[in-house]
Number of protein chains: 2
Amino acid sequence: MKLGDTGESRRQIQVMANLLGANDVQAEVNRRHFHRHNCLAVNIIGSPGAGKTTLLERTLTALAADCRIAVIEGDIYTSKDAERIARLDIPVIQVNTGGGCHLDSQMVGKVLPQFTWPGPELLIIENVGNLVCPADFDLGEALKIVVLSVVEGDDKPAKYPVIFRNSQAVVLNKMDLLPFTETDLAAMKRDIFAINPEIVVFEVSCRTGEGLAVWQDWLRQLIRKYQGGAVFPSS
Amino acid sequence: MKLGDTGESRRQIQVMANLLGANDVQAEVNRRHFHRHNCLAVNIIGSPGAGKTTLLERTLTALAADCRIAVIEGDIYTSKDAERIARLDIPVIQVNTGGGCHLDSQMVGKVLPQFTWPGPELLIIENVGNLVCPADFDLGEALKIVVLSVVEGDDKPAKYPVIFRNSQAVVLNKMDLLPFTETDLAAMKRDIFAINPEIVVFEVSCRTGEGLAVWQDWLRQLIRKYQGGAVFPSS
């Protein structure tokens, strides 16, 4: 939600700076809350239709036997995604931004008391479908994860670098459709690693199940590490 | 780029209102400029990877014999899309938002003198890949057109209604991939028409060429109508 440099006054840029400052303060409050309650908070970001909610459906059912999970669903107006998660019998809270293009730390902090604490060992926060604005707003999470559909094209990491720079993992989804696209997967991954050499890349298809076990195991290990007191990049 | 209701002060909301007000003033200046020079300006909006630039490549080559065309390419940092358009020998100006998630009317107004006027009869403005924020910013265009890939899923119109409400047409792209998705095309179109009964829907595949002739003919007719003095919804 950063303002462009063109045509806006310094005052407006200052307001954005204040807004981000206020966001960071509350993000720190959220982060301490998660830490105190041994809860690994993960911020899931991606374009509309990248497959974020479907990835959660496929992931949370697999992980539910291992740990306590809860979800915060960010959406502009509807509760469509929250209803999909609720069908899995996983505690979910809907946050509607009422036109806003991203979640902020205050929206998240406000609903945390609605869960019982100590509560989830894994809290998934699914952001509004948007590859630009959510990248700038720390929610207090331990990890940011980008979901990118390979159908979106191999130029997307270079065009939207901030979210790839700020994330710890990228899930390349809809791999089953790759043969029917012009996407050059090797070029896509080369760009991702050029932006962020430390990022972990998963290649999955939520439709066929391809690659999901590897991704789920990685997440399971992270939950265990966090329970064991490991500190993560965003913490 | 609307701010959410939660956790921001009235002052910040007021600044947004002022920002939109200033945008509308310059949008009107742009609109009069286009009108004076008989130039149909079209604002193209869609998620990252919906296929906006590919649609332009396929469309502009077909229309270049009929009329003078120019393009403004909005992008956060790169000039990747502008380079693709330049390869077609069509005049193109790159506008980088420097982190900003949408074009505004001032960014567009600022670069208009770089074209020769009277100049293009059709000016395509490709917005930043984002289904949320660009919907709120009038650039002075005659028409807004949404590009939506059917791979994004049938729930997208209901989840991002503003852009469908504010647009005159929607191009449903990547129709060749429909059989490999769970997308219910009838449900997608039902939701689109529920939001905007007047909207024109095209079903195309830029990869196979399916449906492109119908879409191009519609655009050709609009250019003729505009040259004949027709007033469009956004004007």
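We use all heavy atoms of the structure for the numbers below, so side chains are in, but hydrogens, waters and symmetry mates are not. Just so it is clear: chains get the letters A, B, ... in the order the sequence lines come, proteins before strands, and each one is counted from 1.
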* Return each pair, listed once, that meets side chain to side chain donor-acceptor pair (under 3.5 Å) where at least one residue sits in residues 186-199 of chain B; pairs must be two or more places apart or across chains. => Lys189(B)-Glu203(B)
* Structure fact -> The complete set of ring-ring contact (aromatic ring centres under 6.0 Å, His included) pairs with one or both residues in residues 169-203 of chain B, sequence neighbours excluded, reads Phe180(A)-Phe180(B), Phe202(B)-Trp215(B), Phe202(B)-Trp218(B)
* Within-4.5 Å side-chain heavy-atom neighbours: Asn130(A) and Leu131(B) -> no
* Over all heavy atoms of both residues, which pair between Gly99(B) and Val132(A) is shortest? Give the atoms and the distance, please. => O-CG1, 4.1 Å
* Partner residues of Gln26(A) under the side-chain hydrogen bond (donor to acceptor under 3.5 Å, both in side chains) criterion, sequence neighbours left out -> Asn30(A)
* Do you know which of Val151(B), Leu148(B), Thr183(B), Leu103(B) has the most heavy-atom pairs with chain A at a distance under 4.5 angstrom? ->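 The option with the most such pairs is Val151(B).
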* **chain A contacts, top residue of Pro48(B), Ser105(B), Gly49(B), Gly51(B) (heavy-atom pairs, under 4.5 Å)** =>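 Sorted descending by pairs with chain A, the first entry is Pro48(B).
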* To do: Considering only heavy atoms and a distance below 4.5 Å, find which of Asp176(A), Thr181(A), Thr54(A), Val128(A) pairs most often with chain B.
  => Thr181(A)
* **Interface residues of residues 152-160 of chain A facing chain B - heavy atom cut-off under 4.5 Å** => Glu152(A), Asp155(A), Lys156(A), Ala158(A), Lys159(A), Tyr160(A)
